[in-house]
Protein chains: 2
Amino acid sequence: MATIKEVAQRAGVSIRTVSRVLNDNPYVADATRECVLRVIQELDFRPSAAARYMRTGQSQLIGFLTDELAQNAFSYDLIIGAQQTAWERQKLLFLLNTGNDPHVERRAINMMRDHQVEGIIYATMYHREIIRSQFPEDIPVVLVNCFADDRSLPSIVPDEIGGGRLATETLLNQGHRRVGFVNVAAQEPAPLGRMAGYRQALANYGIPFDAALVRFIEEPFEGLATSTYDCVLSLLEMDDPPTAIFCFNDMMALGAYDAVRKSNLRIPEDVAIIGYDNVEILAAQIHPPLTTIELPNFEMGRLAVRMLLGEAGSIQDGRPGQHMIECPLIVRGSV
Amino acid sequence: MATIKEVAQRAGVSIRTVSRVLNDNPYVADATRECVLRVIQELDFRPSAAARYMRTGQSQLIGFLTDELAQNAFSYDLIIGAQQTAWERQKLLFLLNTGNDPHVERRAINMMRDHQVEGIIYATMYHREIIRSQFPEDIPVVLVNCFADDRSLPSIVPDEIGGGRLATETLLNQGHRRVGFVNVAAQEPAPLGRMAGYRQALANYGIPFDAALVRFIEEPFEGLATSTYDCVLSLLEMDDPPTAIFCFNDMMALGAYDAVRKSNLRIPEDVAIIGYDNVEILAAQIHPPLTTIELPNFEMGRLAVRMLLGEAGSIQDGRPGQHMIECPLIVRGSV
DNA sequence: CCCTACCTTGCCAACGATGGCAGAAATTGC
DNA sequence: GCAATTTCTGCCATCGTTGGCAAGGTAGGG
């Protein structure tokens, strides 16, 4: 690859002049600029980012660290949103997936430091709390789908309570009064929050909470859809069965569909179903298409980059911003 | 962040000695080495990859370019396989998704050149031919899921014919003699190859090809599962209906499931179904779990990195290696 | 005791770019 | 026509690291 030196030689000017052309410095004669630009094109020259970084200290690099997220096709849009936003700002994204292994994580962060990233975005598969001390103090960090134990890092998390409420209210709005909820049994923000939202929605509509309508899938969460199938069957066999079911996620809705069909009921006429996550290849393809709550992954990725670069509230009231992103309703045909 | 200079000062040695410690040069006295290592740890020093590159010309960076692939959660394992393999070799992966826009693609390649990537892996969403001239001559390129018009770039593609044959033979092996095939209507390697494999399998078993058993979904490919639903319904309504159906991909199998159920038939007892792609969140979750042909994405990502680094046949018989990867059968419960 | 190795260390140049400064050339104002 | 200003250009140092080379020190052998 050509260097600035060769360009200078071939154009018959000094290196400094070429550098000025590259950086749009106004103090270059038009004729000179044109000549230099022509040579640059001829040689297909591009200035070395590494060398430029040496002088300027601007690496234009952003680290994107994920735990298991990337292994699990769900939240791909998060990466795309971040990548696109970074790209618009002439930054490049490093991608590293750690498999949630703390040792790998440390090495990954070190590797990113080696490459002088301007900051690190850390995104988790499941909404959870993370430990602040695993991140270095001297690099900006933005958390996605998780938050620091001491809230000392800016973070972006989905509004689980709002989402749970929205899902439930969507069903209540259609006149349903017996709304089942198939949740997962874990003390994490997602199941707890969506549960809270479910209860809020019932309260808003003046409907008493009925614990019999709420079922929990126990760990391990293998074969989620199958476990949900069993849950929903038992819900539908109740004396006073639900006419609508809120599933913790779209994969589980798949199991719910099977259970409803097995019971010779129709969706949405006899039983309405609503999911969560908006996994397109599931939700848009099953029949009838699944109405669901979207995890706004693209937007979260986008915001993460903007916060990292200081464009958006990485600081709120003098403390690291803790952002809650609304989860919108995606209307399809299952309600 | 600390630099090598500060480490040297604090340890009371020259910069060169610190460099020697960093690079495991044997000519360092044990006492000195220990002292330097202690200071390195104290200052949490890490050598700058950019500066190191300046001297050595080794950037340790690999570009990973995708067209639409990354937007579509299918082939995530490809990226993970590449990332993990790169990581084992102390390399970092740049990820860029171009959305198949040639303008964006050019810019992406330029950005990667700016950062002195040691090579570029270009992966496409669909198996297809690409134009050689869009890539620079002076950087190693490995193609995944695509191949150059003039075969002048090493490439890795799935063996579509073998996969189609394997899928069909799996069904024939179970005693099925009327095997339907729901394909997509496109002049691309995947549908053409799988079709060829289907015919080969029939021939191997001495079963005459019946065009009535093969259906094509026309473009646009929106709502693939729904279109497949209609196709499969009409297949099952034939006088001599198929007892097994090979679906071009897993999403389409979802539609096939619905059609079979609609016809009051059981899977796999009355109708066996086999898919293609092994999209886990679909195939493993639906009921019964889908038997399918796997696109070995992880392995393809892995091989791509190894080829790029010259570890594996990037050259075969003096020409760029064109690798065909076998697609293995994943047995679940639908056959 | 000296010579020869080898071990250990440090100095300097270099990678490819940009910033500061100074000098040369061109332009302006009187 | 000359000084003052503006425009344009080039030289040198610098970023953080490693390679080449040389020099000082230590030990071993004769």
Side-chain angles (χ1 to χ4, degrees), chain A residues 1-37 39-40 43-61 90 92 110-118 138, chain B residues 1-37 39-40 43-61 90 110-118 138-139:
Chain A
M1 293 238 310
T3 72
I4 199 174
K5 207 166 160 184
E6 298 168 51
V7 175
Q9 268 170 8
R10 191 137 159 190
V13 297
S14 74
I15 288 176
R16 189 68 185 87
T17 298
V18 178
S19 171
R20 267 187 282 258
V21 171
L22 290 173
N23 293 280
D24 287 322
N25 184 307
Y27 293 121
V28 180
D30 286 349
T32 315
R33 161 168 286 123
E34 221 168 290
C35 170
V36 169
L37 284 174
V39 174
I40 285 176
L43 295 182
D44 198 15
F45 164 77
R46 307 226 93 215
S48 153
R52 182 174 277 168
Y53 160 76
M54 291 285 291
R55 257 320 335 226
T56 63
Q58 307 262 306
S59 69
Q60 310 287 67
L61 260 28
Q90 313 270 13
L92 229 38
N110 277 340
M111 245 171 146
M112 290 182 168
R113 293 215 300 151
D114 295 350
H115 286 272
Q116 336 290 333
V117 293
E118 296 180 354
D138 54 358
Chain B
M1 294 238 308
T3 71
I4 198 174
K5 207 165 160 185
E6 298 167 53
V7 175
Q9 267 170 9
R10 190 137 159 189
V13 298
S14 74
I15 288 177
R16 189 69 185 87
T17 298
V18 178
S19 171
R20 267 187 281 258
V21 171
L22 290 173
N23 293 280
D24 287 323
N25 185 308
Y27 293 121
V28 180
D30 286 349
T32 314
R33 161 167 287 122
E34 222 168 288
C35 170
V36 170
L37 284 174
V39 174
I40 285 177
L43 295 181
D44 197 16
F45 164 77
R46 305 226 94 215
S48 153
R52 181 173 278 171
Y53 161 75
M54 291 285 292
R55 257 318 335 225
T56 63
Q58 307 263 306
S59 68
Q60 309 288 69
L61 261 27
Q90 313 270 16
N110 277 340
M111 248 171 142
M112 290 184 168
R113 293 215 299 150
D114 294 351
H115 285 271
Q116 335 291 332
V117 292
E118 296 180 354
D138 55 359
I139 295 183

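Just so it is clear, the model here is predicted, and its values are computed rather than measured. Here is how names work: the chains are called A, B, and so on, in the same order as the sequence lines, proteins then strands, and each is numbered from 1.
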Problem - Heavy-atom check, side chain of A/Arg33 versus side chain of A/Val36, under 4.5 Å - result: no
Practice task
Please round to 10 degrees the angle between the axis of the first five pairs and the axis of the last five pairs in the helix from C/dC1-D/dG30 to C/dC30-D/dG1.
Solution key: 40°
Practice task
Please round to the nearest 0.5 Å and tell me the distance separating atom CD of B/Glu118 and atom CD of B/Gln58.
Solution key: 5.5 Å
Problem - Residue whose closest nucleotide on DNA chain C lies nearer the 5' end, B/Met54 versus B/Thr17 - result: B/Thr17
Exercise for the section: For C/dT9, take OP1 and OP2 only and decide whether either is under 4.0 Å from a side-chain N or O of B/Thr32. Expected result: yes
Practice task
Using atom CE of A/Met1 as one end and atom P of C/dC15 as the other, report the distance to the nearest whole Å.
Solution key: 16 Å
Handout entry: Whole angstrom value for the distance that separates P of D/dT14 from CD of A/Gln58
Key = 21 Å
Practice task
Decide if atom CG of A/Asp138 counts as having more than 12 heavy atoms of other residues, nucleotides or ligands within a radius under 6.0 Å.
Solution key: yes
Practice task
Report yes or no: is there a donor-acceptor pair, N or O only, under 3.5 Å between the side chain of A/Arg20 and the base of C/dG19?
Solution key: no
Problem - Side-chain donor/acceptor contact of B/Arg46 with base of D/dG16 under 3.5 Å - result: no
Problem - Side-chain (A/Asn25) to main-chain (A/Tyr27) donor-acceptor, under 3.5 angstrom - result: yes
Handout entry: Backbone of B/Arg52 reached by a side-chain donor or acceptor of B/Thr56 within 3.5 Å
Key = yes
Exercise for the section: To the nearest Å, give me how far apart CG (B/Asp24) and P (D/dT18) are. Expected result: 11 Å
Practice task
Under 4.0 Å between any heavy atoms, over every strand shown, what does A/Arg52 touch: base, sugar-phosphate, or nothing? Just pick one.
Solution key: sugar-phosphate
Practice task
Measure the distance from CZ on A/Arg16 to P on C/dG19 and round it to the nearest whole Å.
Solution key: 6 Å
Exercise for the section: Would you mind reading off the distance between B/Ile15 atom CD1 and C/dT9 atom C1', rounded to a whole angstrom? Expected result: 13 Å
Practice task
Under 4.0 Å between any heavy atoms, over every strand shown, what does B/Val28 touch: base, sugar-phosphate, or nothing? Just pick one.
Solution key: sugar-phosphate
Practice task
Mind calculating the distance between CD1 (A/Ile4) and P (C/dG19) to the nearest angstrom?
Solution key: 11 Å
Exercise for the section: Please round to the nearest 0.5 Å and tell me the distance separating atom CD of B/Glu6 and atom CD1 of B/Ile15. Expected result: 10.5 Å
Practice task
Measure distances between side-chain N and O atoms of B/Arg55 and base N and O atoms of D/dT18, and say whether any donor-acceptor pair falls under 3.5 Å.
Solution key: yes
Practice task
Report the residue (A/Tyr27 or B/Ala50) whose heavy-atom-nearest nucleotide on DNA chain D is the more 5′ of the two.
Solution key: A/Tyr27
Exercise for the section: Let me know the distance between CG of A/Asn23 and P of C/dG19, rounded to the nearest Å. Expected result: 6 Å
Handout entry: Passing option when B/Val7 is tested against B/Val18, B/Leu37, B/Val21 for side-chain contact (heavy atoms from CB on, under 4.5 Å)
Key = B/Val18
Exercise for the section: For B/Asp30 and C/dC7, give me the distance from atom CG to atom C1', rounded to whole Å. Expected result: 12 Å
Problem - Side-chain N,O (B/Ser19) to OP1/OP2 (D/dT18) below 4.0 Å - result: yes
Handout entry: CZ on B/Arg10 to CD1 on B/Ile40, rounded to 0.5 Å
Key = 12.0 Å
Practice task
Please check the phosphate of C/dT9 (OP1 and OP2 only) for any side-chain N or O of B/Ser14 closer than 4.0 Å.
Solution key: no
